[in-house]
Amino acid sequence: MEKTFDPNKIEQACYQQWEKQGLFKPSGIGEPYCILLPPPNVTGNLHMGHAFQHTIMDALTRYHRMKGNNTLWQCGTDHAGIATQMVVERQLNADDLTRHDLGREKFVERVWDWKKESGGNISQQMRRLGTSPDWSREVFTMDENLSKAVQEVFIQLYNEGLIYRGKRLVNWDPVLLTAVSDLEVESEEEDGFMWHMRYPMADGSGDIVVATTRPETMLGDTAVAVNPEDERYQSYVGKFIKLPLTGREIPIIADDYVDAEFGTGCVKITPAHDFNDYDMGKRHNLPMINILTDDAKINDNAPADYQGLDRFDARKKVVSDLESLGLLVEIKPHKLKVPRGDRSQAVIEPYLTDQWYVAVESLAKPAIEAVKSGEIRFIPENWDKTYYQWMNNIQDWCISRQLWWGHRIPAWFDDAGNIYVGKDEQDVRQQNSLADDVVLKQDEDVLDTWFSSALWPFATMGWPEETPELDTFVPSSVLVTGFDIIFFWVARMIMMTKKFTGQIPFKDIYITGLVRDENGDKMSKSKGNVLDPIDVIDGIDLEALVAKRTSGMMKPKDAAKITKVTRKQFSDGIDAYGTDALRFTFAAMASTSRDINFDMSRVEGYRNFCNKIWNATRFVLMNTEEFDTGNKGGNLSLSVFDEWIWSRFQDTLAEFEKAIAQYRFDIAAQALYEFTWNQFCDWYLELSKAVLNSDKSSDDEKRGTRHTLINVLEHLMRLLHPVMPFITDEIAQKLKPLSANDSNAASIMVDAFPLYQVSRKNEQAENDIEWVKSFVVGIRNIRGEMDIPPSKKLPVLLANASSKDIDRLAKTQDYLVLLAKLESVSVLDNSEKAPASATAIVGEMEIMIPMAGLIDKDAELKRLNKSAEKLENDVKRTEGKLSNENFVGKAPEAVINKERAKLEDAQMQLSKIQEQIETIKAL
RNA sequence: GCGCCUAUAGCUCAGUUGGUUAGAGCGCUACCUUGACAUGGUAGAGGUCCCCUGUUCGAGUCAGGGUAGGCGCACCA
């Protein structure tokens with residue numbers, strides 16, 4: 001093996017082997033375990049958020065596969081209507097073309113071409129992460145069978161009256177020229193103005209002043225409203241004003257909605273361009289005058305002067321025209337929330353159009369119940385509140401989009417405007433007995449992307465066909481996803497799956513945090529702080545990184561700043577840390593759905609961990625490859641250390657499994673790291689040297705230690721594998737022939753996960769080794785603080801040793817000598833007087849290193865005083881507690897006993913140390 | 001307005017049903033190229049657990065009230 005771990009050399013080949021051998025498929029045996037991949041957009045590239053979530057999904061998948069579950073990770077990609085259409089349109093724009101130049105059919109063809117060419121990108125990147133979904137079942141949301149499911153669902157919901165078509169005010173994106181759902185609108189506070197405008201009374205009896213943030217909409221006003229309780233305006237109600245610029249006469253109405261305290265207390269009402277005004281218009285039967293075109297220009301319903309003007313130009317003109325008429329009272333700066341489309345960033349218009357809706361209320365009820373009853377569980381739990389809050393106030397879902405890329409709505413219209421819903425035109429004609437001469441035209445619109453995503457849990461399993469997968473993998477085990485799509489996706493999957501299969505879609509919902517940069521800032525192209533997981537795996541040099549971060553900037557002037565920051569932070573580029581290190585980092589940082597501040601130094605630390613594992617393996621192989629490891633017979637004599645490491649392995653295994661069951665990947669990772677580094681490497685490997693390099697060891701003893709070395713490591717690889725698939729596979733292949741593992745698994749990834757073995761637990765060995773550790777650490781501490789060179793071998797005297805201590809000494813003396821670098825160990829009997837020594841205390845035994853020629857009197861006094869001070873504090877605190885009547889009277893017996901024992905121990909140690917201090921002072 | 005989350009070492013974070021001396025990684029200091037590993041070893045320094053009040057024998061942990069920061073939903077003429 002190479003001296004240092006080089007992930008690049010092993011990862012790709014390893015993955016190809018797994019895939020070639022078909023190891024990602026469900027075994028067909030065992031309890032089903034299923035994870036649904038949230039289908040990434042085909043337009044997407046793997047970002048840190050994916051890498052994080054995929055690591056967790058893959059660790060769970062690999063763990064359960066090894067545990068013997070019939071495990072499926074269902075993967076696929078989403079057609080991402082708007083996003084994908086925008087990508088291809090942008091390509092066309094580069095050639096000065098629009099999608100209209102191509103026409104619908106050609107355009108859609110072109111999107112398919114693009115999908116074939118670039119759509120697989122993210123799947124390839126997932127392979128680099130070592131993910132193990134069943135690629136043979138990979139689906140695309142516009143595949144034939146998924147499209148069939150979409151159609152089926154649409155038709156059924158329509159027939160039940162749960163899908164309807166209606167003319168209403170929707171969120172209209174005047175740039176993308178489509179309706180969008182409430183969820184796709186983001187409102188940010190922006191600086192704007194409040195214009196106060198004077199509307200004269202129609203009868204010339206005065207005027208009324210209204211306040212608005214959108215003066216241009218006055219062209220569509222059909223009323224002015226005041227609060228019925230507002231005394232200032234009561235005499236106006238029922239009268240009319242003459243709307244400036246248009247000459248229309250519109251009524252003054254009274255409505256509770258109006259807040260008398262806000263603005264002037266008078267509201268202009270534009271039912272066709274404001275959601276609240278729309279409701280009021282309905283209540284008062286007001287006419288709805290639409291004054292905008294699809295692309296938000298003033299239309300023919302407005303006076304000729306304004307027709308054709310863009311909405312923002314119209315605003316300026318309305319304001320200046322009112323001003324010149326003396327009707328503009330004042331302009332106040334005003335902060336307001338501006339609704340923008342999440343894709344286009346265009347200001348969204350409330351706009352009156354015909355759209356398709358899902359009536360969700362009846363679907364929401366069972367979906368709420370599924371979480372309330374505990375059938376579906378959010379992890380962490382508090383997300384259920386977010387879920388309920390939205391679900392309890394859920395609005396009908398606008399599902400039609402005026403796009404070309406997506407699932408076409410299966411509805412046809414005749415010339416009379418009748419609607420027919422069915423599988424295709426022929427089906428529609430048949431169902432409705434339409435004569436051949438009736439002309440039918442299919443609805444031009446497509447469905448919201450999330451409509452098909454909502455069917456993911458069952459459509460991917462073959463629904464509406466009755467398939468074995470539907471029986472086996474619905475419901476799935478856990479959904480791993482971000483809180484940002486709880487409404488978009490999670491809630492809708494629950495509603496649809498409940499509705500169409502009667503089942504819940506998943507039992508657990510594990511909500512992950514966001515991956516941010518090391519300062520806690522959101523990673524974004526415009527901030528230039530984006531990290532590509534592939535760059536962390538493969539490494540990237542500085543120039544390439546700078547180029548990547550500054551290319552295609554929306555605001556080119558940001559590029560200079562980004563260049564500077566990047567050069568400073570990554571002056572040597574990014575090292576190739578490898579997939580396992582990256583995955584381990586994500587696991588270690590994944591605590592209870594907090595956001596992750598991704599820090600490169602963590603990856604570096606876990607890369608070092610990989611290297612540690614690698615080198616430990618080198619050591620183990622060096623000591624086992626050419627030797628008898630006892631796997632083909634021969635007596636094994638296990639040392640107390642061999643027994644100890646097996647015992648500790650069981651603890652680690654149990655801790656790992658418990659943590660995984662609770663989705664505490666950080667605790668799981670911590671357990672793996674601690675055992676591997678701090679127990680196996682730091683102590684066990686060092687101790688094995690004492691057996692292997694000693695002439696005193698018998699063949700049985702050496703065989704026992706070699707057997708332990710190879711098999712603990714082999715078990716450890718299987719334990720680590722779910723988190724670190726590559727390095728463990730590489731190493732396991734080398735270890736397996738030397739180990740006792742005689743399974744015929746094709747790879748560690750389909751081998752058995754280690755089983756907890758009670759018989760390997762050994763408390764006696766654990767206590768013995770704790771004693772050894774305290775012994776060794778005590779001496780190391782003296783050595784460290786006294787600046788005694790590591791090369792200097794020390795003679796050690798033991799005073800006040802009990803028979804148990806002497807027993808343990810006999811069992812472990814060789815280890816102590818090696819680990820603490822001792823020259824000799826002698827036990828003093830009670831009559832012997834110890835020479836002046838530096839002292840450490842283990843239990844009641846004193847470990848003494850004679851000072852002569854080695855240790856400085858003052859230094860040792862200082863060291864002893866420090867430790868005496870600590871003990872004195874302990875004694876004081878504990879005494880205080882125990883002398884408190886309330887404590888002794890009320891605390892549980894066990895706690896009091898603990899305190900008493902602690903006090904006794906501290907007093908004993910303190911007195912020994914004080915004795916030593918006196919002895920040394922006397923020198 | 002309604003709701004959620006966070007505050008612990010220089011940094012990033014753990015800390016279970018309240019109960020030993022509050023932990024880890026990174027960083028820092030000193031020493032060490034010893035035969036697996038300098039991507040390493042050994043030892044060490046470093047804490048007003050955001051603040052106040054309360055409950056309790058006992059509070060990082062529970063309750064109430066603040067402060068600071070983050071997020072979601074609704075409203076916004």
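In what follows, every chain begins at residue 1, and chains take the letters A, B, ... in the order their sequences are listed.
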Between [N] and [M], how far is it from one [atom1] atom to the other, in whole Å?
N	M	atom1	result
B:C51	B:G10	P	14 Å
B:A7	B:G15	P	9 Å
B:C75	B:A9	P	41 Å
B:A22	B:G46	C1'	14 Å
B:C50	B:U8	C1'	10 Å

[X] has an atom [atom1]; how far is it from atom [atom2] of [N], in whole Å?
X	N	atom1	atom2	result
A:Glu625	B:A36	CD	C1'	13 Å
A:Asp682	B:U42	CG	P	5 Å
A:Leu672	B:A24	CG	P	18 Å
A:Trp383	B:C71	CH2	P	12 Å

Report yes if a side-chain nitrogen or oxygen of [X] is closer than 4.0 Å to either non-bridging phosphate oxygen (OP1 or OP2) of [N]; otherwise report no.
X	N	result
A:Lys866	B:A45	yes
A:Asn393	B:A74	no
A:Arg877	B:U21	yes
A:Ser591	B:A14	yes
A:Lys792	B:C32	no
A:Lys902	B:U20	no

Legend entry - Sub-6.0 Å ring centroid separation between A:Trp195 and A:Phe193: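 That pair passes the under 6.0 Å test.
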Inset, instruction - Could you check which nucleotide pairs with B:U17 in any of the strands shown, counting Watson-Crick or G-U wobble with both distances under 3.5 Å? - result: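 Matched B:U17 with nothing under the 3.5 Å cut-off.
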Inset, instruction - Give a yes or no on this: more than 12 heavy atoms of other residues, nucleotides or ligands lie within 6.0 Å of atom NZ of A:Lys902. - result: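 Check passes, neighbour count above 12.
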Inset, instruction - Give me the ring orientation class for A:Phe584 and A:Tyr606: parallel if the planes are under 30° apart, tilted from 30 to 60°, perpendicular past 60°. - result: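 Tilted, since the angle between the ring planes falls between 30° and 60°.
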Inset, instruction - Specify the residue among A:Arg664 and A:Val267 whose closest nucleotide of RNA chain B lies further upstream toward the 5′ end. - result: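 The residue mapped nearer the 5' terminus is A:Arg664.
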Inset, instruction - Select from A:Ser601 and A:Glu899 the residue whose nearest nucleotide in RNA chain B is closer to the 5' end of that strand. - result: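 Counting from the 5' end, the first nearest nucleotide belongs to A:Glu899.
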Inset, instruction - Please work out if A:Arg780 contacts a base, only the sugar-phosphate, or nothing of the nucleic acid, heavy-atom cut-off 4.0 Å. - result: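 Since only primed, P, OP1 and OP2 atoms lie under 4.0 Å of A:Arg780, the category is sugar-phosphate.
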Inset, instruction - May I ask you to say what A:Pro789 touches in the nucleic acid, namely base, sugar-phosphate or nothing, with a heavy-atom cut-off under 4.0 Å? - result: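 Here A:Pro789 touches no strand at all.
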Legend entry - A:Glu184 vs A:Ser181, side chain to side chain donor-acceptor pair (under 3.5 Å): CA-CA, chis, key distance, verdict: CA-CA 5 Å; A:Glu184 289 158 275; A:Ser181 73; 2.8 Å; yes
Legend entry - 4.5 Å side-chain heavy-atom contact, A:Phe483 and A:Leu514: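 Side-chain contact under 4.5 Å: yes.
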Legend entry - A:Arg607 to A:Tyr577 six-membered ring, cation-pi geometry met (6.0 Å, 45°):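 Negative - A:Arg607 is either too far from the ring of A:Tyr577 or too far off its axis.
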Legend entry - Side chain of A:Asn608 - closest among B:G40, B:A30, B:G44: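 It is B:G40.
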